[in-house]
Structures are given as C-alpha cells and as structure tokens.
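Following: one structure in structure tokens, then a few remarks.
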There are 2 protein chains.
Amino acid sequence: MKRKITLKQIARELDVSISTVSKALSNSKEISEDTTQKIQAFAKLYNYKANNIALSLKNRKTKTIGILIPEIVHHFFSTVIRGIERVANRRGYNVIVGLSNESFTKEIINMEMLANGSIDGIILSISKETLLKQDYHHFNATINQGIPIVMFDRVVNEVDCDKVIVDDFNGAVKAVKKLVENGCKNIALITTMDYVSVGRLRTQGYLEALGLSGIEANSNLILKIDDSLDVENHLDILETEITQFFKANPNIDGLFAVNELYAVSAMKVARKLGLTIPDDMQVIGFTDGVLSKHATPSLTTVSQHGQKMGEQSANLLIDRLEAEDNDNEQYFTNNPKDHDFIKVVIETEIIERESTK
Amino acid sequence: MKRKITLKQIARELDVSISTVSKALSNSKEISEDTTQKIQAFAKLYNYKANNIALSLKNRKTKTIGILIPEIVHHFFSTVIRGIERVANRRGYNVIVGLSNESFTKEIINMEMLANGSIDGIILSISKETLLKQDYHHFNATINQGIPIVMFDRVVNEVDCDKVIVDDFNGAVKAVKKLVENGCKNIALITTMDYVSVGRLRTQGYLEALGLSGIEANSNLILKIDDSLDVENHLDILETEITQFFKANPNIDGLFAVNELYAVSAMKVARKLGLTIPDDMQVIGFTDGVLSKHATPSLTTVSQHGQKMGEQSANLLIDRLEAEDNDNEQYFTNNPKDHDFIKVVIETEIIERESTK
DNA sequence: TTGTATGCGTTATCAA
DNA sequence: TTGATAACGCATACAA
C-alpha cells in the first residue's frame with residue numbers, strides 16, 4: 001500500500017527543497033523550466049494531489065459547505081440537496097450533510113460539529129422542534145463566528161441571513177382560486193400546526209383566496225394535523241383523522257392540502273368513502289414529488305421547485321463566501337453590506353393533473 | 001464578529017504557554033488544579049472548541065466518512081444515507097456526500113476529491129456507467145492509498161472490499177414463488193439491462209423460481225428496459241413499452257418487477273387496458289418505498305431494507321477504520337486480515353399489500 | 001533560480 | 001508543574 005505522496009517526499013526524492021516543488025507544481029515562473037518539468041513529471045507519475053486538510057488549515061477555508069436539514073428521506077429535501085450539490089461542485093465546493101431529524105438538540109450538535117472548522121458556510125432548513133421552541137441562538141452564534149448561513153423553505157425572521165423561500169402564500173392563493181374557478185363551493189383545507197411557517201403561510205393563502213372570491217371561511221372545513229410527535233402509526237392516525245373530517249363535512253367538493261402526503265391520503269380516504277375524484281371532489285396539493293406524479297388519480301400540485309431552491313441557496317452562499325475573500329477588512333467591521341441580506345422568493349406554478357377538472 | 005478562539009489566544013490572554021492550555025483542557029494531571037480551573041473557565045466562557053481541521057491534520061484522520069452514490073432523489077438511496085448517518089454520528093463521525101449522477105467521470109472526480117484527505121473511508125454504490133464500462137481502477141486506486149471502501153447494493157467482484165447487499169436472488173425467488181402459489185400461470189418479468197448486477201440477480205431469481213415450480217420460462221414474458229440514457233420523457237417511454245408488452249401478451253396474470261417504479265407504472269398501464277389488480281393480474285415489486293405504500297392499489301413488495309444496509313455499511317467501515325488504529329503495523333504489511341473482506345447479505349422479506357391476493 | 005523560515009491550530013515529547 | 005519545540009502538509013515572504 002502506497003500512502004499518498006507529499007511535497008516533502010517529492011522534494012527529498014528529487015533532491016530539491018519543498019518550496020521549489022510547491023512552486024514548480026503551481027507553474028510559478030520563478031522556477032526554471034528544467035526543474036519544473038522534472039518535478040511535474042515526477043508528481044504526475046506518483047499521482048500527487050495536494051492534501052485538502054493541509055490546504056484548509058493554511059487557507060482558513062475548507063471549500064466545503066454544510067447542509068443541515070430535518071430529514072433526508074423526503075423527496076423535497078433530497079431535491080434541494082441535489083440542487084445544492086450541483087452548483088457547489090460546479091463552483092469547486094464539496095458538500096457535507098447533517099440531519100437534525102426534526103430535533104432541536106441534534107440541530108445544535110450538528111451545527112457545532114460543522115461550525116468547528118469543517119465548513120465555510122451552512123445551508124439549512126429549520127427543524128420543527130426549533131420552530132416550536134422559537135430558540136434560534138445557535139444560528140446567531142454561528143453567524144457571529146463569521147460563518148454565513150442561508151436558510152431555505154423553513155425560515156424565520158429572527159435570524160439575519162440570506163433566505164430562499166417559495167411563495168407559499170401566493171401558491172396557496174393560486175391553488176384555491178383554481179378550485180373556485182373549477183366550480184367548487186365548499187373548499188376544505190388540510191394543514192399543519194401553525195408553528196411551521198410554511199403551513200401558516202399556506203393557510204393564510206387559503207383564507208385570502210376565499211376572501212377574494214367572496215366565500216366565507218368556515219373553520220369546520222379546516223383540518224390541522226399535529227405531526228410533531230413522529231409516531232410509528234402516523235399514517236393510520238392521519239387517515240383516521242381525515243375520515244372523520246370528511247364524514248363530518250360531506251359537502252366538501254374541493255380540497256387544498258399543504259403537502260402531497262396529506263393530499264394523497266385524502267384521495268385514498270375519499271375513494272374509500274365512495275367519492276370519485278375529481279367528479280365529487282377536486283384535490284390540489286403542495287410540493288411536486290413522486291407521490292403526486294404516480295398517485296391515482298395523479299395529483300394536481302403547486303410545485304415547490306426544490307432543486308431550484310437548492311441551486312439558489314448555494315449560489316447565494318458561495319457568492320457571499322467569495323465576496324468576503326475580496327474586501328475582507330471592510331466587510332467585517334460595520335460595513336452596511338453586512339446587513340444587506342437577500343431574500344429570494346421562488347415563484348410557484350400549478351401543475352395540472354387528473355385530480356382537478 | 002468574534003472569530004473562533006484558539007489555544008494561542010487563550011494562552012496569551014492568560015499568560016501561560018500554549019501547551020499548558022492544551023493539557024489543561026484535556027484534564028492532564030500534569031497541570032495544577034488552579035491553572036486547570038482558570039483555563040477551563042476561560043475556555044468555557046469563550047466557548048472554545050478545538051478546530052477540526054487542525055486535529056485532522058495532526059491525527060491524520062478526519063473522522064468523517066464519504067458517501068458516493070449515483071443519485072440522491074431516490075427513496076432507496078436516501079434511506080441508506082439516513083442509516084449511514086445514524087451510526088456514523090453515534091460513533092463520532094461526520095458524513096460527506098458526493099453524487100455520481102450515474103456518470104463514470106463524475107464518480108472518479110468525486111472519489112479523488114474525497115480521497116484527497118477529506119475522509120477516512122468511503123461507502124459507495126457503483127454508477128451505471130461504471131458498471132457498463134467495467135472499469136474499476138479508481139476503486140482499487142483509493143483502496144491502495146489506504147482508504148477502505150465499503151460497497152452496497154451495486155457491488156462488483158473485481159474489487160476487494162467489504163460489501164453489503166440484499167439477497168436479490170432469493171428475494172426474487174420468494175416473490176415469484178408467491179405469485180405461483182397465488183395461482184398465476186403466466187408470470188411476466190420487467191427488469192433492467194443485465195449489466196446492473198441487481199437486475200441480473202433478480203432476473204436469475206425469477207428464472208430459478210419458475211424452474212422450481214416446473215414452469216417453463218418464456219422469453220416473450222420478459223421485458224428488459226434500457227434506462228441507461230436518462231432522457232426527459234423516460235416515463236412516457238416506459239409506459240409505452242409496457243403497453244406494447246401487455247398487448248403482445250394478453251395472457252399475463254402475474255408480474256414481477258425489479259423496482260417499484262416499473263411495478264407502479266405497470267399497474268397504471270394495466271388499469272388503462274381495463275385490467276383489475278389483483279384480480280386479473282397480481283403484481284409484486286422490489287424495494288419498498290413511498291410509491292409502493294401509496295400506490296393504488298398499494299403494492300406488494302420485496303423490501304430492500306435501505307436503512308439497515310446503510311447502518312451495516314457504516315459499522316463495517318468504522319470497524320475497519322478503528323481496527324487500523326490498533327494493530328497498525330501488522331495490518332498493513334501482508335497480514336492475512338487484509339484480505340478478510342466481509343460480505344453482509346441482508347435478508348429480504350415480502351411485504352404483502354393489495355396488489356396480490 | 002533556488003532555498004529558508006514562518007504560520008495555519010493541535011498534540012506529544014522532552015527539557016526546565 | 002510548566003514551557004519550548006517539533007510535526008502534520010502546504011504556501012509564501014523573504015533571503016541567498
């Protein structure tokens with residue numbers, strides 16, 4: 001087994017100094033053509049590559065960005081990762097992944113792990129428990145350490161950083177408006193508890209659209225699911241709740257759900273209750289994942305553009321990272337730029353499928 | 001903004017030497033209780049944490065493991081990552097992710113990136129293009145550099161390393177046997193091209209089960225999908241092929257598909273052709289993902305246990321990593337242990353749902 | 001044109 | 001009980 005070769009070994013082997021080797025390999029014109037050739041040939045032969053760790057230590061930057069998300073077995077989040085990874089790699093960065101598993105504590109531990117020199121910046125989406133606790137000190141702490149953060153999807157006003165979100169409010173408005181246009185009179189909503197910002201915004205959009213259409217909101221037609229406790233039989237509970245909801249409100253002829261799982265589950269329940277979709281009830285979900293595409297009937301959704309969110313987040317972060325490189329001093333004192341945080345809003349669009357007319 | 005504090009700064013502040021600080025923080029009893037107290041208090045106040053990069057350089061180990069997979073927007077792979085991440089974190093490791101996007105070149109580039117000091121070991125699943133080319137030199141190169149590799153799911157005999165696979169062959173046998181027991185006479189197979197080992201093994205299992213049941217295999221009942229070219233309208237092509245396949249073989253009453261997408265698509269096509277599942281045709285897929293659970297009817301599958309594969313892979317890798325720590329010398333000469341590679345086979349099981357009787 | 005010295009942040013060895 | 005020094009691998013300012 002041949003360990004990776006280092007500058008030192010090349011230097012010894014070729015009987016030159018380490019710095020000569022270093023310069024030759026970076027094509028410095030300080031070094032004569034002869035030695036450069038010799039050194040480069042040797043390096044190539046032994047497949048020399050500079051050690052990343054040493055470079056990181058020297059340059060005080062790792063060229064890797066951390067991702068911290070609540071869950072990876074989730075189409076939306078993996079889509080975002082893919083987007084981040086694409087632009088990160090293109091721009092010469094690596095990607096390191098931490099999972100909070102929706103837990104406040106694990107989010108903090110992971111942040112500290114990452115912030116301890118492993119990464120130059122972080123892209124994250126806040127865990128549910130953190131949202132519930134409303135304790136964001138760990139984010140501010142890392143930012144204060146000089147590690148820029150970009151938040152996506154589940155963001156929060158209390159933290160000053162770049163953000164990438166989807167237009168949850170208007171996405172919901174569009175969806176509900178569409179249901180109204182399609183002739184629905186009693187439009188129900190299945191949503192999450194309010195502490196998840198995206199759920200709250202989508203709920204507001206639902207109410208707004210009803211208002212605009214001159215329909216009075218009816219709180220009976222709103223079902224709030226509490227999925228904070230991640231129990232085994234979550235799915236059964238979900239279906240039971242929806243069943244009761246539908247039975248209590250047999251007049252529902254349109255449904256907007258804030259995610260695709262709720263929408264697909266609702267369709268399943270509706271079918272079991274003998275309803276035909278979209279004839280008896282039209283359904284629109286949020287987030288365009290595999291489920292939407294392959295459900296029966298396939299689901300009309302408000303697309304969330306996860307990959308695009310990832311790409312934007314990565315670009316935002318790397319832009320800021322490389323901006324620091326240039327105007328170092330200014331940037332870190334009390335330059336106004338410090339507070340010019342960008343909020344990118346990605347437009348949603350409705351992808352029509354079979355669950356609406 | 002306060003940059004992370006270092007040993008040097010603490011030392012200067014407290015007017016002691018760097019090594020005193022270092023020792024005090026690691027509770028060395030060389031240092032007097034007084035100074036230890038003082039130093040630890042100060043460190044805590046400023047939230048001192050040792051810099052990972054410096055530690056990595058010093059210890060020649062990064063305590064992070066690399067994952068290299070073909071695709072992340074894929075339920076199976078994200079499940080595996082979750083498994084890896086769980087045990088990695090528990091055992092004090094971080095996880096860094098690279099995506100090959102099924103490309104040979106990108107796989108190599110990523111391997112080199114990772115192998116350049118960023119990680120202590122790699123867990124990977126081979127890209128399709130690599131499988132097709134049968135060029136595995138990059139894997140062997142990394143192993144020769146002293147970086148252990150664990151392969152999962154898409155593995156290959158030509159590389160000497162630990163492997164974690166699912167019992168593809170027997171899983172397929174079980175599935176097809178079940179169809180036979182359920183009374184199917186003309187059992188079709190939808191599979192991938194043979195160069196993907198898991199596809200080949202599952203195909204062999206299909207043939208084996210037919211043989212055992214005294215049914216003669218009929219090549220007309222086998223549909224091989226070529227998904228090597230990752231085109232936009234892949235789904236349409238898939239459905240078209242399946243439609244032709246079903247029309248050409250109206251006698252099919254049982255179907256085994258080597259992944260859930262094929263199975264679900266087949267069910268959709270079957271329904272369009274007026275067939276009822278499971279009455280007219282029973283279907284079993286491989287891999288237990290979201291689609292299987294939420295399809296209509298829900299799909300009976302052979303479970304692939306992605307998370308368990310991830311956990312096993314991580315344990316295997318970390319075990320080897322920490323074994324190196326101990327018997328360093330022996331391990332790297334020509335110790336027989338060097339060649340004692342482990343192949344973990346995870347048993348499959350059939351999860352019965354509505355697509356079979 | 002080449003080499004020496006220094007520093008990035010740590011720990012370990014050895015000297016005081 | 002404490003501190004100086006070297007080393008991990010690299011890049012670079014400066015000296016020769």
Side-chain angles (χ1 to χ4, degrees), chain A residues 2-40 42-43 46-64 115-120 145-146 325 328, chain B residues 2-40 42-43 46-63 115-120 145-147 325 328:
Chain A
K2 33 178 187 181
R3 259 225 132 52
K4 287 226 68 151
I5 197 169
T6 69
L7 286 188
K8 191 196 260 190
Q9 291 167 39
I10 299 184
R12 195 174 342 146
E13 216 62 41
L14 262 43
D15 210 49
V16 291
S17 79
I18 293 180
S19 59
T20 303
V21 178
S22 174
K23 288 171 186 165
L25 289 178
S26 58
N27 279 313
S28 160
K29 48 192 168 352
E30 280 183 25
I31 307 298
S32 76
E33 197 150 327
D34 258 19
T35 30
T36 301
Q37 289 258 326
K38 193 176 58 179
I39 291 174
Q40 292 197 345
F42 190 89
Y46 284 90
N47 192 30
Y48 170 82
K49 293 265 166 41
N51 179 309
N52 281 333
I53 297 291
L55 286 182
S56 297
L57 186 59
K58 177 118 193 52
N59 303 330
R60 279 122 145 279
K61 65 181 52 150
T62 61
K63 284 281 185 178
T64 105
N116 244 25
S118 306
I119 48 87
D120 296 338
Q145 269 175 44
D325 285 356
N328 238 321
Chain B
K2 36 179 184 181
R3 257 224 132 55
K4 287 227 68 153
I5 198 169
T6 68
L7 286 188
K8 191 195 261 189
Q9 292 167 41
I10 300 184
R12 198 175 337 150
E13 217 63 42
L14 262 40
D15 209 47
V16 290
S17 80
I18 294 180
S19 50
T20 304
V21 178
S22 174
K23 287 170 187 166
L25 290 177
S26 58
N27 279 313
S28 161
K29 47 191 167 354
E30 280 182 25
I31 307 297
S32 76
E33 198 152 325
D34 259 20
T35 31
T36 301
Q37 289 257 326
K38 193 176 58 179
I39 290 175
Q40 291 195 347
F42 190 89
Y46 283 90
N47 192 29
Y48 171 82
K49 293 266 167 39
N51 179 309
N52 281 334
I53 297 292
L55 286 182
S56 297
L57 186 59
K58 179 112 192 55
N59 302 331
R60 278 120 146 282
K61 66 181 50 147
T62 61
K63 284 281 185 178
N116 244 30
S118 306
I119 47 89
D120 297 338
Q145 269 175 44
I147 298 179
D325 284 357
N328 238 321

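Numbered from 1 within each chain, the chains take letters A, B, ... in sequence-line order.
- Contact annotation: side chain of B/Ser17 to base of D/dT2, donor-acceptor pair absent below 3.5 Å.
- Here the side chain of B/Asn51 is nearest to one of C/dT2, D/dC10, C/dG9, namely C/dG9.
- Between the side chain of A/Ser22 and the base of D/dA11, no donor-acceptor pair under 3.5 Å is found.
- Out of C/dG3, D/dC10, C/dT10, the shortest distance to the side chain of A/Thr6 is found at D/dC10.
- Put simply, B/Arg60 has no side-chain N or O that comes within less than 4.0 Å of OP1 or OP2 on D/dA7.
- Toward the 5′ end of DNA chain D lies the nearest nucleotide of B/Thr20, the other residue of the pair B/Thr20 and A/Lys49 mapping further downstream.
- Considering only side-chain N and O atoms, A/Tyr48 lies under 4.0 angstrom from the phosphate OP1 or OP2 of D/dC10.
- Within the nucleic acid shown, A/Leu57 comes within 4.0 Å of at least one base atom, counting heavy atoms only.
- Contact check, B/Ser19 against D/dT5: no side-chain N or O comes under 4.0 Å of OP1 or OP2.
- Atoms CZ (A/Arg12) and P (D/dA7) sit 12 Å apart, rounded to a whole Å.
- Counting all heavy atoms, side chain and backbone alike, A/Asn27 lies closest to A/Gln40 at OD1-NE2, 2.9 Å.
- Between the P atom of D/dG3 and the CG atom of B/Asp15 lies a distance of 8 Å, rounded to the nearest Å.
- As judged by a 4.0 angstrom heavy-atom cut-off over every strand, A/Leu55 is placed among residues touching the sugar-phosphate backbone only.
- In plain terms, the two heavy atoms of A/Thr64 and A/Ser118 that are nearest each other are OG1-O, 3.3 Å.
- With hydrogens and angles ignored, a donor-acceptor pair closer than 3.5 Å exists between the side chain of A/Lys23 and the base of C/dG3.
- Protein atom CG of A/Leu14 is 15 Å distant from nucleotide atom C1' of C/dG3, rounded to whole Å.
- Partner of B/Thr20 under the side chain to side chain contact (heavy atoms under 4.5 Å, CB included) criterion, out of B/Ile31, B/Thr36, B/Leu25: B/Ile31 alone.
- Rounded to whole Å, the distance from CG on A/Asp34 to P on C/dT2 is 8 Å.
- Regarding contacts with the backbone of C/dC8, every side-chain N or O of A/Ser56 stays at 4.0 angstrom or more from both OP1 and OP2.
- For A/Gln9 and D/dC8, the CD to P distance is 10 Å, given to the nearest whole Å.
- In terms of phosphate contacts, B/Lys8 brings no side-chain nitrogen or oxygen within less than 4.0 Å of OP1 or OP2 of C/dG7.
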For B/Ser28 and B/Ser26, run side-chain hydrogen bond (donor to acceptor under 3.5 Å, both in side chains): C-alpha distance rounded to whole Å, both residues' side-chain angles, the deciding distance at 0.1 Å, then the answer.
CA-CA 5 Å; B/Ser28 161; B/Ser26 58; 5.6 Å; no

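- In the set C/dT11, D/dC10, D/dT2, the nucleotide with an atom closest to the side chain of B/Leu7 is C/dT11.
- DNA chain D is contacted by both A/Ile5 and B/Val21; B/Val21 maps to the nucleotide lying nearer its 5′ end (nearest heavy atom per residue).
- In this entry the distance linking NZ of A/Lys29 with P of D/dT12 reads 13 Å, nearest Å.
- Residues A/Thr62 and A/Ser56 approach most closely at CA-OG, 3.5 Å, considering heavy atoms.
- One atom, CD1 of A/Ile18, and another, P of D/dC14, lie 20 Å apart when rounded to the nearest Å.
- By the neighbour-count criterion of 12 heavy atoms within 6.0 Å, atom OH of B/Tyr46 is sparsely surrounded, having that number or fewer from other residues, nucleotides or ligands.
- In this structure, A/Leu25 places its CG atom 13 Å from P of D/dT12, rounding to the nearest Å.
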